[in-house]
Amino acid sequence: MANPYDVIVIGAGPAGYVGAIRCAQLGMSVAVIDEFVRKDGEPSLGGTCLNVGCIPSKALLDSSEHYHRVQHELAGHGIKVDGTRLDVPQMIRRKDKVVSDLTGGIKQLFKANRIEWLAGHGKLLADRQVEFTPHKGKAKVFSASNVIIATGSRPIEIGAAPLDHDRIVDSAGAQEFQEVPKRLGVIGAGVIGLEMGSVWNRLGSKVVLLEAQDTFLSLVDHQVAREARKLFEKQGLEIKTNCRVTDTRKGKTISVHYEDADGKQNIQVDKLIVSVGRRPHTDGLASEDANLITDERGFVNVDDYCETNIPGVYAVGDVVRGPMLAHKGSEEGVMVAERIAGHAGHVNYETIPWVIYTDPEIAWVGRTENQLKAAGTPYRSGTFGFAATGRARAMDRADGMVKILAHAETDRILGVHMVGPQTSELIAEATLAMEYEASAEDLARTIHAHPTLSEAVHEAALAVNKRAIHKAN
Ligand code: FAD
Ligand code: NAD
């Protein structure tokens, strides 16, 4: 048996690598096993998030936004650009460089924190032992006082549209197209479908999203989702809800067959993205005699503090219950590290912000109006449109709104919902306010710089008590 560690982490995504660094900061000896291999065959730290998720998708969203602005918006600012050309392979190379810089940064952080990186597969055995199988070479068994499982998630596949990783792709493949598909189909109008659909729509694809549910973005506050849908459709995204994809046939084009309220339909596309959700990644994760309990959907069972049924074995991030978000996993990683070290540690699951990086961006924290209604919670709502803020007008980014929901009796903020410019940044103020259990009055009495987009948050807080200045209440 190889040398014992205080902690072995399986998975180096944002849940695992952040947890590992925190463990090392607290004085523990740490090894991290990760099996991810990038397209050039090299192992890479950072998991889904850095390699094929959050970061590369945002790099492409940013590049495609620049292109769209040059094409459609700069002339309005009095800037005429002639002869713009698109170089998609360069856009993809830039994205790859952003990824390799950041994943290389984690490697440096591991070195600085004396964390051992073991590239290969990790498998939990009985008695907190972990089998490590390197990409090349023989398996070894390590023992650890504690094990943190952070193996993340992978895309769900559907029988009606089997992936060929060329024309029918998942989210990773959707970030590798070397030219703009003329017609792009997307199955699933969720977070990935909208973000990747937006990238290729801005670059010139005709994008059609086929969504199974009746409700568009059912997780999002309904008023905000309705507003967002209108804005996306204005940009040319075609969103079809209540669709059941039944078959795909590949010829010169891909024929996607589906059923909706009007019966059988089909569309022809050149590329098809399947983005119908993700499932926990537990393939080959634990031996039978390790006795690790998972639920019926494959998530590792954990308590409020991310401890599994096995004492000293924890699980964090996408592989456990809760939203599949990088920052949620990272906070769980920190909590577990601190609890292993004997400190207090907790995650406030009520104040996890969400962002969808479309243009405009959708961001929210806390309860939606629909959830408050269903729970019978008395509330007041204050809304404010970006159109009435000077900064959004000056930026030519006046679409969207901020909505604040506060308890009708205590005025405590229960939820904040936004669609509009840079709401990915604005949501931080709302999250902090909720973390501090602020009232709408607290936000309303906080001075916000002028002219900023944050004035829309201020005015929405004032609107909760019907005293917004720049609108009729
Ligand atoms: P992962 O990041 O999935 O990492 C798990 C790692 O464990 C992987 O490297 C995997 O190879 C490895 N592994 C698995 N099993 C084993 C094993 N047995 N042995 C060794 N290694 C193993 N979230 C956000 O918050 N913001 C965003 O903007 C955002 N954008 C996204 C865009 C896309 C296209 C996708 C797909 C996801 C996005 N997400 C975003 C979600 C985010 O990527 C995940 O929530 C996050 O990566 C989960 O972190 P994790 O550490 O739990 O798992
Ligand atoms: P999602 O759950 O956001 O959306 C999947 C969509 O597909 C849903 O609307 C669902 O109703 C629909 N769907 C399911 N089966 C279908 C079918 N057979 N036909 C048509 N539609 C179907 O999942 P996703 O977009 O795949 O993303 C996975 C997760 O990754 C997200 O839930 C999120 O947690 C994370 N993520 C986060 C971000 C971000 O934070 N900005 C970005 C990308 C991904």
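All ligand and atom numbering here is 1-based and tracks the order in the structure.
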Does any non-hydrogen side-chain atom of Lys373 lie less than 4.5 Å from one of His222? no

Out of Leu163, Val169, Leu209, Ile168, which residue meets the side chain to side chain contact (heavy atoms under 4.5 Å, CB included) rule with Ile273? Val169

For ligand 1, note which part of Lys58 has a heavy atom under 4.0 Å away: side chain, backbone, both or neither. side chain

I'd like to know if Arg249 pairs up with Asp247 as an ion pair, taking the criterion as any Lys NZ or Arg NE/NH1/NH2 lying under 4.0 Å from an Asp or Glu carboxylate oxygen. yes

Determine whether any heavy atom of Trp354 lies closer than 4.0 Å to an atom of ligand 2. yes

Gln213 neighbourhood, listing ligand 2 atoms whose heavy-atom distance to it stays under 4.0 Å: 11 (O)

Here the atoms of ligand 2 under 4.0 Å from any heavy atom belonging to Leu325 are 40 (O)

What heavy-atom pair brings Gly13 and Asp34 nearest, and what distance separates the two atoms? N-OD2, 4.3 Å

Who's closest to atom 27 (C) of ligand 1 heavy-atom-wise, of Ala12, Cys54, Gly13? Cys54

Using heavy atoms and a 4.0 Å limit, tell me yes or no: is Val355 in contact with ligand 2? yes

Evaluate the side-chain proximity of Arg297 to Arg279: yes if any heavy-atom separation is below 4.5 Å, no if none is. no

With a cut-off of 4.0 Å, which atoms of ligand 2 are near a heavy atom of Tyr357? 41 (N)

Between Gly53, Ala15, Cys49, which one has a non-hydrogen atom sitting closest to atom 32 (C) of ligand 1? Gly53

For Leu210, atoms of ligand 2 separated by under 4.0 Å from a heavy atom: 20 (C), 21 (N)

Indicate, as side chain, backbone, both or neither, the part of Ser153 found under 4.0 angstrom from ligand 1 when only non-hydrogen atoms are considered. backbone

Is there a side-chain contact between Asp260 and Gln265 (heavy atoms, below 4.5 Å)? yes

Check for me whether Gly277 has a heavy atom closer than 4.0 Å to any atom of ligand 2. yes

Atoms in ligand 2 with a heavy atom of Ile187 nearer than 4.0 Å: 19 (N), 20 (C)

In ligand 2, the atoms that come under 4.0 Å of a heavy atom of Arg278 are 28 (C), 29 (C), 30 (O)

Distance under 4.0 Å to a non-hydrogen atom of Met324: what atoms of ligand 2 satisfy this? 33 (C), 34 (O), 35 (C)

Would you tell me which option among Gly122, Ser330, Ala119 has the nearest heavy-atom contact to atom 19 (N) of ligand 1? Gly122

Salt-bridge criterion met for Lys328 and Asp318 (N-O under 4.0 Å): no

